[in-house]
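First the structure, which I've put down as structure tokens, then a few questions once you've had a look.
Since the model is a prediction, treat every value here as computed from it, not as a measurement. Just so it is clear: chains get the letters A, B, ... in the order the sequence lines come, proteins before strands, and each one is counted from 1. The figures that follow rest on heavy atoms only: side chains count, while hydrogens, waters and symmetry mates do not.
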Number of protein chains: 2
Amino acid sequence: MRISTKAQYAVRAMVDLSVHSNGRPVPLKEISQREEIPLNYLEQLFFRLKKAEVVASVRGPGGGYILARPSALIKVGEIVAMVEEPLNPVSCLDDGGAACHRISRCVTHNVWQGLGERIRGFLDAISLEELTREAQAGLDVLSPPGGTTR
Amino acid sequence: MRISTKAQYAVRAMVDLSVHSNGRPVPLKEISQREEIPLNYLEQLFFRLKKAEVVASVRGPGGGYILARPSALIKVGEIVAMVEEPLNPVSCLDDGGAACHRISRCVTHNVWQGLGERIRGFLDAISLEELTREAQAGLDVLSPPGGTTR
DNA sequence: TTAATAGTTGACAATTTTAGTAAGGTATGT
DNA sequence: ACATACCTTACTAAAATTGTCAACTATTAA
């Protein structure tokens with residue numbers, strides 16, 4: 001029961017983007033360096049996040065990515081779902097549970113299905129805005145307002 | 001975000017055991033056939049379940065496995081945790097989160113930690129007894145009491 | 001208009017994890 | 001003794017994950 005590093009990267013990168021962009025496009029190179037995530041890998045992730053319309057892109061010099069919506073409207077669940085593809089904890093739920101016969105299977109199905117719903121419910125209840133606020137609060141401890149800020 | 005087939009097998013096998021044993025030891029061979037799980041694989045799983053004192057074994061002919069406790073006291077979470085080893089959704093939680101510095105990481109940590117707690121909470125709230133009852137209700141539909149039962 | 005930046009996209013390779021197989025052993029009841 | 005069935009470790013094959021590479025397109029600025 002592991003979350004892929006893909007999903008961890010994606011969420012971290014989105015928090016980083018949200019913290020460091022203020023309407024300004026943030027190039028992946030920056031995020032890559034700050035978060036220590038391979039640039040090429042990030043590109044793949046943001047490719048998908050863009051298709052999901054979670055971010056938008058600006059090409060060319062001075063370009064980068066920006067949030068496609070206010071961070072309050074971006075849920076962690078969306079980010080995870082987009083890179084993690086099937087958010088069902090078991091394969092036989094992928095087709096809606098059609099191909100299931102054996103009894104003990106059906107019984108356990110309910111467990112996995114319920115689990116999936118809890119997972120999605122939990123992650124969908126957290127917005128990027130919350131994480132951003134928390135991250136900024138954490139940053140303030142390291143370099144308080146009036147400190148080394150330019 | 002997948003549950004391993006290992007865990008699925010383990011829960012299904014435990015339900016099967018609970019349904020078909022009435023104090024009688026059930027050999028893995030039977031479970032293997034009914035649930036279509038490779039025998040050798042099952043042996044590995046029950047090896048661990050025994051170490052976790054979820055089941056007990058009876059060796060020799062007529063032997064097999066029995067529940068180590070009443071099914072009401074066996075939680076699905078236990079079964080899953082035993083075969084799934086780390087039930088933390090991310091690796092950096094394994095050591096209790098000691099090796100974590102970057103801010104956006106800490107922020108996301110809280111997410112994964114919360115998620116792990118939810119997962120465990122959900123699975124620990126389901127007892128093998130409940131699943132057994134459900135499974136038996138399902139069986140009754142196929143072969144009602146007074147039917148083909150020996 | 002040329003060069004540099006930065007996103008776009010697909011293919012591919014390395015690594016790790018998972019699932020499954022095999023084999024030999026030990027205890028026990030008939 | 002023999003068959004049953006648990007016990008345990010080692011290994012292999014397949015799949016998924018993670019990461020890399022390369023080539024391309026759009027855009028800005030000198």
_Quiz question: by atom type and distance under 3.5 Å, do the side chains of B/K50 and B/S57 form a donor-acceptor pair?_
yes

*To the nearest Å, how far apart are B/N40 CG and D/dC7 C1'?*
12 Å

*Protein-nucleotide distance (A/R48, atom CZ; D/dT17, atom C1'), rounded to Å*: 12 Å

*Can you tell me how far C1' of D/dG19 sits from CD of A/Q8, to the nearest Å?*
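Going from A/Q8 (CD) to D/dG19 (C1'), I get 15 Å.
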
_Categorize A/Y65 for me: base, sugar-phosphate, or nothing, with a 4.0 angstrom heavy-atom threshold over every strand shown._
sugar-phosphate

*Axis bend over the full length of the helix from C/dT1-D/dA30 to C/dT30-D/dA1, computed from five pairs that close each end, to 10 degrees*: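 End-to-end axis angle: 10°.
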
_Atom-pair distance (NZ on A/K29; P on C/dT5), nearest Å_ = 7 Å

_Salt bridge present between B/R24 and B/E30 (N-O < 4.0 angstrom)_ = yes

*Applying the side-chain contact (heavy atoms from CB on, under 4.5 Å) test to B/L67, which of B/V26, B/L128, B/L73 qualifies?*
B/L128

*asked:* Check this for me: does any side-chain nitrogen of one of B/R34 and B/D16 sit under 4.0 Å from a carboxylate oxygen of the other?
replied: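 Counted as a salt bridge, because a side-chain N and a carboxylate O are separated by less than 4.0 Å.
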
_Please check this pair: side chain of B/R118 against backbone of A/G121, looking for a donor-acceptor N/O pair closer than 3.5 Å._
no

*Rounded to whole angstrom units, what separation is found between the OH atom of B/Y41 and the P atom of C/dA22?*
15 Å

*Counting side-chain heavy atoms from CB outward, which of C/dT8, D/dC6, C/dT5 is closest to A/S57?*
C/dT8

_Rounded distance in Å - NZ (A/K6) to C1' (C/dT17)_ = 15 Å

*Just call it for B/V26: base, sugar-phosphate, or nothing, with non-hydrogen atoms closer than 4.0 Å on any strand.*
sugar-phosphate

*Got a donor-acceptor pair under 3.5 Å from the side chain of A/R59 to the base of D/dT25?*
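Between D/dT25 and A/R59, which were checked side chain against base, a qualifying N/O pair under 3.5 Å is present.
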
*asked:* What's the closest nucleotide to the side chain of B/T5 if the choices are C/dA22, D/dG19, C/dG20?
replied: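 In terms of side-chain proximity for B/T5, the closest of C/dA22, D/dG19, C/dG20 is C/dG20.
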
_With a 3.5 Å distance limit and no angle check, can you tell me whether B/S127 reaches the backbone of B/I74 through a side-chain donor-acceptor pair?_
no

*Contact class for B/K50 vs. all strands (heavy atom < 4.0 Å): base, sugar-phosphate, or nothing?*
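It contacts sugar-phosphate atoms only.
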
*asked:* Nearest whole Å is fine: how far is C/dA23 C1' from B/E43 CD?
replied: 11 Å

*Nearest to the side chain of A/P38 - D/dT20, C/dG20, D/dT9?*
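My answer, after comparing the listed nucleotides, is D/dT20.
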
*For the pair B/T108 (side chain) and A/R12 (backbone), establish whether a donor and an acceptor sit closer than 3.5 Å, ignoring hydrogens and angles.*
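No, B/T108 side chain to A/R12 backbone: no donor-acceptor pair under 3.5 Å.
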
*Is there a side-chain polar atom (N or O) of B/S4 under 4.0 Å from OP1 or OP2 of C/dT18?*
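Indeed not, no polar side-chain atom of B/S4 lies that close.
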
_First encountered from the 5' end of DNA chain D, between A/Y9 and B/K51_ = B/K51

*Counting only N and O atoms by type, is there a donor-acceptor contact under 3.5 Å from the side chain of A/E84 to the main-chain atoms of A/A81?*
no

_Per B/Q44 side chain, nearest of listed nucleotides D/dG19, C/dG20, C/dT9_ =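 Among the listed nucleotides, the one closest to the side chain of B/Q44 is C/dG20.
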
*asked:* Between P on C/dT8 and CG on A/L45, what's the gap in Å once rounded to a whole number?
replied: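 Taking atom P of C/dT8 as the reference, CG of A/L45 is at 13 Å.
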
*Residue A/P61, side-chain heavy atoms: nucleotide from D/dT27, C/dT21, D/dT4 that is nearest*: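 The answer is D/dT27.
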
*B/P27 side chain, from C-beta outward: closest of C/dG7, C/dG20, D/dC6*: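 That would be D/dC6.
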
